[in-house]
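This report refers to the structure that appears directly beneath it.
This is a predicted model, so every value here is computed, not measured. In listed order, ligands and their atoms are each counted from 1.
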Amino acid sequence: MSISPVLAGLATYPFVRLDEARARLRTAGVELLDFGTGEPREETPEFIRRALVDAVTPMSTYPSAAGLPELREAIASWISRRFGAVVDPGHVIPTLGSKEAIYGLANVLDGDFVAVPTPSYPVYERGALFAGKRVVELPLREENGWLPDLSGLDWDRCALLWLNYPNNPTGATAPLEFYEGAAELARRHDFVLASDEAYSEIYFGEPPASALQVADRTNVLAFNTLSKRSSMPGYRSGFVAGDPALIAALRRYRPNVGVAPQELIQRAAIAAWSDEAHVGEVRERYRAKRDAMLEALPLRNAGGDASFFLWFEGDDAFAERLLESGVIVAPGSFFGSPGYFRLALVPPLETCVRAASIIRVQSGVQAGPAA
Ligand SMILES: Cc1ncc(COP(=O)(O)O)c(C=O)c1O
């Protein structure tokens, strides 16, 4: 038996190293204040949980890969309300969370390479490798506002360009003009512009733009999810929307893979996409944590003003010191960006305040009132 060389060649997912450190520190009796992984730990709103329960029926049939028409309508209406972009419900596919859809996209496309920003969510690269594509890294730098430089690549050989704004890990956002430029490039060289917008609803300045707002959506797809917006990571519910020709290709591909979302979850998703009040509340809770941290910490926030991540200047040795004192953060080297570390504002406010005191001590500032 021999396993796939792609699988055999993959480095250990860097976050596994945090799991090992957590286990070690717990055994040593250290209390963990965990800002390491970006998994929301807010309660899913009650009305969404009720919609799920109400959707349980005596008969359980296979869901269709295309998704419920009512959910596609609810998502298209949300896109229109939120971004002012008109998308036909037929050009929306509900997905099983957004990760599987992001991972699978490279399988649907011809072309030599996939362009992936660094730092970034690792699934763009892994999906490309398993689809047999070459990965070309596009460095994101602070001096460019964490936007990639799109000049100088042989775009004619490109299958797919990934963008992710609001950005994980930096929290940066992209203006609509940037999406317009990237979409124009994608049309000119006939590659796909895929925009991962998982954090579009967690913002503290102007509401971020979507790639769905570009004037011509030829070759453009956007991915979004309820995991962050509606605190539903366990439900596994997202969508992909955009260019009708690409959506048609995904409709042919997806039934082969077994990723049709469960109908119960789709019913809960209709409730979630149809309500904005709970999203405002989620945003305010993250805002309180963000404000408390930014006010208390003597560190430079090098990132933007969206997502629930703070992206601080600080080397791996500093992240390691925090780890040993029980404050778990993700070092920038996990994302290919040493010199920074990421703090996911997922624990409760009270934990953020306590962690801020510890971080102040570790950075050489006297412990005092944290916020
Ligand atoms: C940038 C980014 N995109 C997509 C996802 C996937 O989210 P989900 O599969 O829960 O929709 C995540 C999850 O952490 C993420 O950080």
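Neither the backbone nor the side chain of Leu226 has any atom closer than 4.0 Å to an atom of ligand 1 (non-hydrogen atoms only).
Counting the atoms of ligand 1 from 1 in the order shown, those under 4.0 Å from a heavy atom of Tyr199 are 1 (C), 2 (C), 14 (O), 15 (C), 16 (O). Counting the atoms of ligand 1 from 1 in the order shown, those under 4.0 Å from a heavy atom of Thr225 are 8 (P), 11 (O). Counting the atoms of ligand 1 from 1 in the order shown, those under 4.0 Å from a heavy atom of Lys99 are 9 (O). Against a heavy-atom cut-off of under 4.0 Å, Asn164 is close to the following atoms of ligand 1: 1 (C). Remark: ligand 1 atoms within the under-4.0 Å shell around heavy atoms of Ile102 are 4 (C).
Atom 9 (O) of ligand 1 has Arg236 NH2, 2.7 Å as its closest protein atom, hydrogens excluded (heavy atom only). The protein non-hydrogen atom at the shortest distance from atom 14 (O) of ligand 1 is Lys228 NZ, 2.9 Å. Here the heavy atom of the protein found nearest to atom 7 (O) of ligand 1 is Ser98 OG, 3.5 Å. Remark: minimum distance from atom 2 (C) of ligand 1 to any protein heavy atom is reached at Asp196 OD2, 3.3 Å.
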Run the ring-ring contact (aromatic ring centres under 6.0 Å, His included) test on Trp273 and Phe239 for me, step by step, so that the C-alpha distance in whole Å, both residues' side-chain angles and the decisive distance to 0.1 Å come before the verdict. CA-CA 11 Å; Trp273 288 115; Phe239 72 81; 5.3 Å; yes
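In terms of N/O distances under 3.5 Å, ligand 1 is approached by Ser227.
A cation-pi arrangement is present between Arg283 and Tyr203, with the terminal nitrogen or guanidinium carbon under 6.0 Å from the aromatic centre and inside a 45° cone about the axis.
The OG atom of Ser333 sits 10.0 Å away from atom CG of Asp315, with the distance rounded to the nearest 0.5 Å. Residue Gln266 holds its CD atom at 12.0 Å from CG of Leu52, rounded to the nearest 0.5 Å.
Minimum interatomic distance between Ala194 and Leu105 (heavy atoms only, all atoms of both residues): CB-CD2, 3.7 Å.
Judged purely by atom type and a 3.5 angstrom limit, Glu125 has no side-chain atom pairing as donor or acceptor with the backbone of Pro122.
Of the candidates Trp311, Phe318, Phe334, Phe341 forms a ring-ring contact (aromatic ring centres under 6.0 Å, His included) with just one, namely Phe318.
In this pair, Phe178 and Tyr165 present their aromatic rings perpendicular. The plane angle is above 60°, beyond the 30 to 60° band.
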